[in-house]
Amino acid sequence: MEPAAFIHSSCLTIFPSPLKATLPLARLNSLLLQPIRTSGSLRRSVHLLTTKSACENHNHHHHEHKHEQEHDHHHHHHRHCCSVGLKVSNYPQKVLINFAKSIGWIRVANFLRENLHLCCTSALLFIAASACPYVVPKRYIIKPLQNSFLIVAFPLVGISASLDALMDVAGGRVNIHVLMALAAFVSVFMGNALEGGLLLSMFNLAHIAEEFFTSRSMVDVKELKESNPETALVIDVDNDNIPNFLNLSYKSVHVHNVEVGSYILVGTGEIVPVDCQVYQGNATITIEHLTGEVKPLETKAGDRVPGGARNLDGRMIVKATKAWNESTLNKILQLTEEANSNKPKIQRWLDEFGEVYSKVVVVLSVSIALLGPVLFKWPILSTVACRGSVYRALGFMMAASPCALAVAPLAYATAISSCARKGILLKGGQVLDALASCHTIGFDKTGTLTTGGLKCKAIEPIYGHGEENNANVTPCCMPNCEKEALAVVAAMEKGTTHPIGRAMVDHSIGKDLPSVSVESFEYFPGRGLTATVNCVESVTEGSKLQKASLGSVEFITSLFRSQDESRKVKDAVSSSLYGKDFVHAVLSLDQKVTLIHLEDQPRPEVSKVIAELKHWSRLRIIMLTGDHETSALRVANAVGIDEVYCNLKPEDKLNHVKTITRDSGGGLIMVGEGINDGPALAAATVGFVLAQRASATAIAVADVLLLRDNITGVPFCIAKSRQTTTLVKQNVAIALTSIFLAALPSVLGYLPLWLTVLLHEGGTLLVCLNSIRGLNDPSWSWRQDITQAVSNFN
């Protein structure tokens, strides 16, 4: 198991833990047992203004954190103390806060707004007051009883609403909270206290429901953070003694202070603190909360384990391969928390539009109140025969508030959550918009369409090994030259992540080979590498420095000065005894050329993925690979890809991506994992990488990380992007419809205020419920739904 080499990229706050799309069970239960925050947007800076010392302590704590903690802490700090500093930036707000503190207004408001029981109690009291004329038999006690209910119920919702509204007004902001509070208190002054109270209680309850549905769609990184241990049991290793289970001496070290190379003891039920390699012992682990992979994994010495993996059974000593700030779990947390800053275009537009729209609504409401009596002969205040212009204006103000429009982008959050449950991390909601606009998808071959687990099938000396440097190789030369070639390649590729290099290093293990050291090294991305090697125990010529080059046929032949020699090498490759169906690498060691034959097989799921993309996505599917034509066509035919571009250097892949994107008139999706895919991934409209295999460069420029080691997430993600754009369009339509259906009858005087608010908040809840549909697995079209239903029935 290769841990994902995640790279810090952009910004996400929101969205569920790859892991669980719903709230942890304890949080869900707390909805019924404890006070909760009724609205993320409603609960503003006032919440943390109770004491100045709280912020000061928080700031002090912030500076004590190390660099690797700063991102997470800064986010928390911004929402609490810093947000107060930003919002309380003018004199009126400071005066209001000092006054509210002095009389305990802030403390009481915080308590009331977060108490679900009291919110429900206030709503029940208002309903009871409304029902009094119909259920109380004695008329003379109806009014006193209603007033008693109102005196108790109104402060439960009015104290916090008034403070929030005043804070916004003092800060120069006009939003739905200001509009709602204004309508409620104007209703009270007009003698409709019961209706004003109903407005506030319904508003609060609607936002409780909205918060619940929103939280269902968000990635809850809290659970991920809690799953990471604060400390690790680091084994004391004196004088480089090898640790073992028989004589262990260890100490508890904070996880942020664990150094690369440290030996850590992980027992049953414990969590692996950082990315590591199993040094000793066996265990059964689960990474379900990291990648969504349900099946437990058996680990043994030599296996790599990502930080955050849970040890279900067994005991093992592991060696840290990465520090905390570079470990898998920390990178997942960073990506998950940061994606929210990369908002989709419609969400950015709505954020800017909201404040302007609210001010326009206030201006139109005032116009209705002032011009209604002049143009339509409405009374200013309501009478028995006709609702007044002020009442109609308040109704319009409630109905036209942009709550439903503001939550329309919630579908992006649910989509990101749904993808996270499948082990797919998106770097922001804008990726979904980009995916939905793409017309072409390009796949790299090695490690993406194929397993990447190349196996060396043969090492064939082909040129320069015999007498007089001709292409005819003396049979007695072959065993020794094969060993020397394998030893040189293994030394040059030691520590590499390239599939060919890994295959050759693995092939060299356990073999009796000459000792080779690398003196100098130069890498040519997508082509090969050169080095000066010291064959200390050279079989053929003894110890001496030799010039070695490893790479593609084109790369090696380009290094020969004579065109005649280059041609002879190419001819020797073409006339190889093993044919052309294998993946080839060529080694040149002081002009002695050896052809390495490797075999790679398509991933088992690739054919199904390509078939699904062909049939349902209607995308143009191409392969972009640096391999030679024979190998590329073999894999393309096996998986069903018809359009193949081979023998491509990194710059060639980049040019193909740019050209295809320009000519097709739509975006291009690129799926890869190697360093040589980096330019193409960066230039593509959307880049996918297999995170467990990908290079740091590929991860840094990619837009989508596939945490599971397969490409089944690609069609899922594309279908999800199309589902999400559809849901967002539906949400906007629902929002505009609810605003129109509530606003027009309110202005015409057909609806009471409480019913206007009910329609308005009902539209908001419908948008939330529609967005929650994004948690379901997407389908390509209604035809696929029918086909699937028929198939299941049969």
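- Looking at L513 and S508, their side chains come closer than 4.5 Å, going by heavy atoms from C-beta outward.
- Taking 4.0 Å as the cut-off between side-chain N and carboxylate O, D571 and K568 do not count as a salt-bridged pair.
- No side-chain heavy atom of K511 sits under 4.5 Å from any side-chain heavy atom of K483.
- Contact annotation: the side chain of K322 never approaches that of V274 to less than 4.5 Å [non-hydrogen atoms, C-beta and beyond].
- Q430 contributes a side-chain N or O that, together with a main-chain N or O of K427, makes up a donor-acceptor pair within less than 3.5 Å.
- Between W324 and V258, the closest side-chain pair of non-hydrogen atoms is not below 4.5 Å.
- Side chains of S566 and T557: a donor-acceptor N/O pair is absent below 3.5 angstrom, by distance only.
- A donor-acceptor pair is defined here as one N or O able to donate and one able to accept, closer than 3.5 Å; such a pair exists between the side chain of D303 and the backbone of K300.
- A salt bridge links D677 with K653: at least one charged nitrogen is closer than 4.0 Å to a carboxylate oxygen.
- When the options T450, D627, T625 are evaluated for a side-chain hydrogen bond (donor to acceptor under 3.5 Å, both in side chains) with K445, the one that passes is D627.
- Side-chain contact between E493 and L529 is present, with heavy atoms from C-beta onward closer than 4.5 Å.
- One finds the OG atom of S617 at 6.0 Å from the CD1 atom of I718 (value rounded to the nearest 0.5 Å).
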